[in-house]
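All chains are named by letter (A, B, ...) in the order of the sequence lines, taking the proteins before the strands, and each is independently numbered beginning at 1. As the structure is a computational prediction, the values presented were derived from the model and not from experiment. Basis for what follows: all heavy atoms, side chains included, without hydrogens, waters or symmetry-related copies.
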Amino acid sequence: MSEELSNNENPVPESLQGQIAITSLDKIYNWSRRSSVWPMTFGLACCAIEMISTAASRYDMARFGMEVFRASPRQADLMIVSGTVTKKMIPIIVRLYNQMPEPKYVLAMGACASGGGPFKEGYNVVSGVDKFVPVDVYAPGCPPTPQALLHSLIRLQEKIDGQSVLEVPWYRREPIEEIPQPVLGPDLVDPRDIPDFAEKLKAQEERLAAEPE
Amino acid sequence: MTEEESPQVEEATREPDDMEQQFPGVLTLDERKGYGGYLVPPDKLVEFATQLRDELGYDYLSSVTGVDYLPEEKMEVVYHAYRTQGGPAFVFKAQVPRGDPVVPSLVGVWLGADFQEREAWDLLGIRFTGHPNLRRILMWEGFEGHPLRKDWREAYYEEDAKPFENRFPEGGVYRIEDKISFGKNVKYPSEFSPEGWIPEGDEGLYAGVGQISTDGNGGTLKTDQLVVNLGPQHPSTHGVFRMVVTLDGETVIDLQPVMGYLHRNHEQIGERNTYIMNMPYTDRLDYISSMSNNFGYALTVEKLMGIKPPERTEYIRVIMAELTRIVNHLWSIGFLLNDLGAFQTPALYAINERELVLDVFEAVSGSRMMCNYFRFGGLARDLPPGTLQTIRELIFERLPRRIDELDLYLTDNEIVRARCIGVGVLPPEKAVAFSAAGPVLRASGVPYDVRRADPYGIYDRFDFEVAVRYGGDVYDRYLVRLQEIRESIRIVQQAVEDIPEGEIQTGKALYQVRVPAGEAYGRVENPKGELGFYVVSNGKPNPWRYHIRAPSFINLTALAEMCKGHKVADIVAILGSIDIILGEVDR
């Protein structure tokens, strides 16, 4: 197929010249995807207010093809993690991420979602959503201004532009594994920790014992 | 403290005051230096509280919270009660041993104690006997420990108090994640093993699920009740709020609010921080109205320090707090319409006006939303040149017209009226009992506004009316908000005319303020309702206790009551009319 397309022996007929542009499949595919990124209606905290402001009349995300906020993860392409991720909330965030169909992207909006932010030390705070789900773009700020969010969305579009249909994981034969959903126990339990849990627990005990009172 | 200063007299020579004489053997004056109020023995608490409510007229319980006095091996529960006619607080406390803190619940006296007692149980481990539903509220059931206890340490624990010593004097910077074995902000009890362990589910929440009695359903058909979860990811719950709703068909039988999905440990972080470091955190409580949160915290610490801001600052504070109220109510009205199904359009109009006020905030403080503008005894900086003119144009020209426009399009709208009138009614006596505050209380016909009932700042100088309506439904809450925007515009109009030139800071602006030992409860009328800060100082650079009485959180106590008997779609409108902000509900 690709050979046939790039064969110069198939000239563009005269009547169609000036009306046809030749481009790569990646380019046309990425162009259509980057121009209709549908974010999920998913506000966590303060950043959500700035996200709404970005979507509202003054900043108007619709200029970039992104105004279609979907409440269902099944219809969304982009999860904007807009706010502090808490331990009580992370199982739900992971589940929502798993429910989103491929291709999917995650934007960590603001200091909290990127790394815990001002609340990092808090006992109920997950220090960055990237501890659990892969993040594509980080937006700095507390909260990022609408301009900053728009900038991050444009960066996401650039990222999409750079992807190739041949290399992206979601067109491979093997299925993409779901992220195991954390469970709420005496503290947040990440199933990925379980294989060497006992060792880590012992290390924790030793560290606590060594700590000066 | 609104009580009179406790006299520094020896126990033996001090004459008992009026209240002590009236309740001999029940009340003893709290004589710790800088403290006020009375101590009540726990076994007489319920009896005394009932008398206080019925005989002395303190019908409104503002705040319930616990304090962990680790050095004295005591837990203390602090109650602040008010009269809805206005006036200062009556403060009473119950002290219990720290090893086994058990206090009788006051839910039977004031329904508004419900969530606050659950919070004290969750975070401090104080058990309230007789509480109908003493389960964790902010953390999840099964969480290990009570995090606000002074001997409880979080996974990322480094030092007891900020500012930290230089942690990397010889270089070698590391992240705390790299030091702890799990690499995440977690720690487990030593006996815990995830294998064979069964996580606790939500059985407790669903306990109410059962069969409806046969006569409820036409007499012949036996049906199950239906339990529907709304949230925490739901487009209409205004953030990460969850409601477990029990339904008969489409009619709500019971509703359980579930919160804590945004519990970001405000109070615990606040107790590690120095006083000034908490100011930017207060912005993130009710993140729509950061300026008025600053106001409440600044007032409380100023009370403790015994200072007053200069005249110009007082005016700027009022201007900023009232602009915040306008912003908040615009947002709230816009999104109420969103909840009613008028998707986006009214909200876009409201947000448009909000942006103009945010420009003023950005000019004065440098940030659109998180202003961090107030300081103890002053402000971060004076108004930049030209700002007053911008505010004047907004407040005299643009906003009044835009509010009239909203009023014109929305108030008599057929759908708004059909969906709102008679929905979510909260009768006045219930509103007071549930400690509802702000527009929710005033729409129920209780004209209680802290700006009038217990004036702070310079609110006694302004001519404004307390917006009040008597229906107690969603529509009246909307009308109260609309009216409050107009009154706020009036206040700012007066303030920009009268604002004097001069200093903006009392004394020198300090990073490290000296706060004498004692306690203070400061409250302001926030757009959402009465925002209170309870701060206990032990003379050190960090507050010993830093508690927030969050209006959104306590207003939710009444949510179930308002929703019963309505349809599922009405829950969304009722929740929208309470106007919650999750940053404040969960803190």
Seminar exercise, completed: Under 4.5 Å to a heavy atom of chain B? For A/K120 that would be both
Exercise. What distance separates B/E141 CD from A/L184 CG, expressed to the nearest 0.5 Å?
Worked result: 11.5 Å
For this session: Quick one: which of A/A56, A/G185, A/A71 has the most heavy-atom pairs under 4.5 Å with chain B, could you say?
Result: A/G185
Exercise. Does the B/N185 side chain pair with the main chain of A/S127, one donor and one acceptor, at a distance under 3.5 Å?
Worked result: no
Exercise. Would you call the rings of B/Y281 and A/F119 parallel, tilted or perpendicular, where under 30° means parallel and over 60° means perpendicular?
Worked result: perpendicular
For this session: Kindly say whether the aromatic ring centers of B/H234 and A/F42 come within a distance under 6.0 Å.
Result: no
Problem set entry | Taking every non-hydrogen atom, the tightest pair across A/L44 and B/V240 | CD2-CG1, 3.4 Å
Seminar exercise, completed: Of the listed B/R354, B/K187, B/E144, the one with the largest count of heavy-atom pairs under 4.5 Å with chain A is B/K187
Exercise. To the nearest 0.5 Å, how far apart are NZ in A/K87 and CE in B/M139?
Worked result: 6.5 Å
Problem set entry | Under 4.5 Å from any heavy atom of chain B - which part of A/A45 | both
For this session: Would you mind checking if A/K88 and B/D586 are paired as a salt bridge, meaning a charged N to carboxylate O distance below 4.0 Å?
Result: no
Problem set entry | Under 3.5 Å: donor-acceptor pair, side chain of A/E121, backbone of B/I269 | no
For this session: If the plane angle is over 60° it's perpendicular, under 30° parallel, otherwise tilted; pick one for B/F182 and A/F197.
Result: tilted
Exercise. What do the steps show when you test B/R368 against A/S53 for side-chain contact (heavy atoms from CB on, under 4.5 Å), and what is the final call?
Worked result: CA-CA 11 Å; B/R368 285 157 48 86; A/S53 301; 3.8 Å; yes
Exercise. Quick one: are B/M369 and A/C46 in side-chain contact, heavy atoms under 4.5 Å?
Worked result: yes
For this session: Return the option, out of A/V126, A/D196, A/V85, A/D190, with the maximum number of heavy-atom pairs under 4.5 Å with chain B.
Result: A/D190
Exercise. If only atom types and distance count, is the side chain of A/T86 paired as donor or acceptor with the main-chain N or O of B/Y261 below 3.5 Å?
Worked result: yes
Problem set entry | Toward chain B, the part of A/E205 with a non-hydrogen atom under 4.5 Å | side chain
Exercise. Counting only N and O atoms by type, is there a donor-acceptor contact under 3.5 Å from the side chain of A/D187 to the main-chain atoms of B/V186?
Worked result: no
Exercise. Is there a donor-acceptor pair closer than 3.5 Å between any side-chain N or O of B/R284 and the backbone N or O of A/P118?
Worked result: no
Problem set entry | Qualifying salt bridge (Lys or Arg N to Asp or Glu O under 4.0 Å) pairs, either residue in residues 126-138 of chain A, two or more places apart | A/K131-B/E177, A/D136-A/K159
Problem set entry | Structural part of A/N124 lying under 4.5 Å from a heavy atom of chain B | both
Problem set entry | Sub-4.5 Å side-chain heavy-atom contact between A/V189 and B/F192 | yes
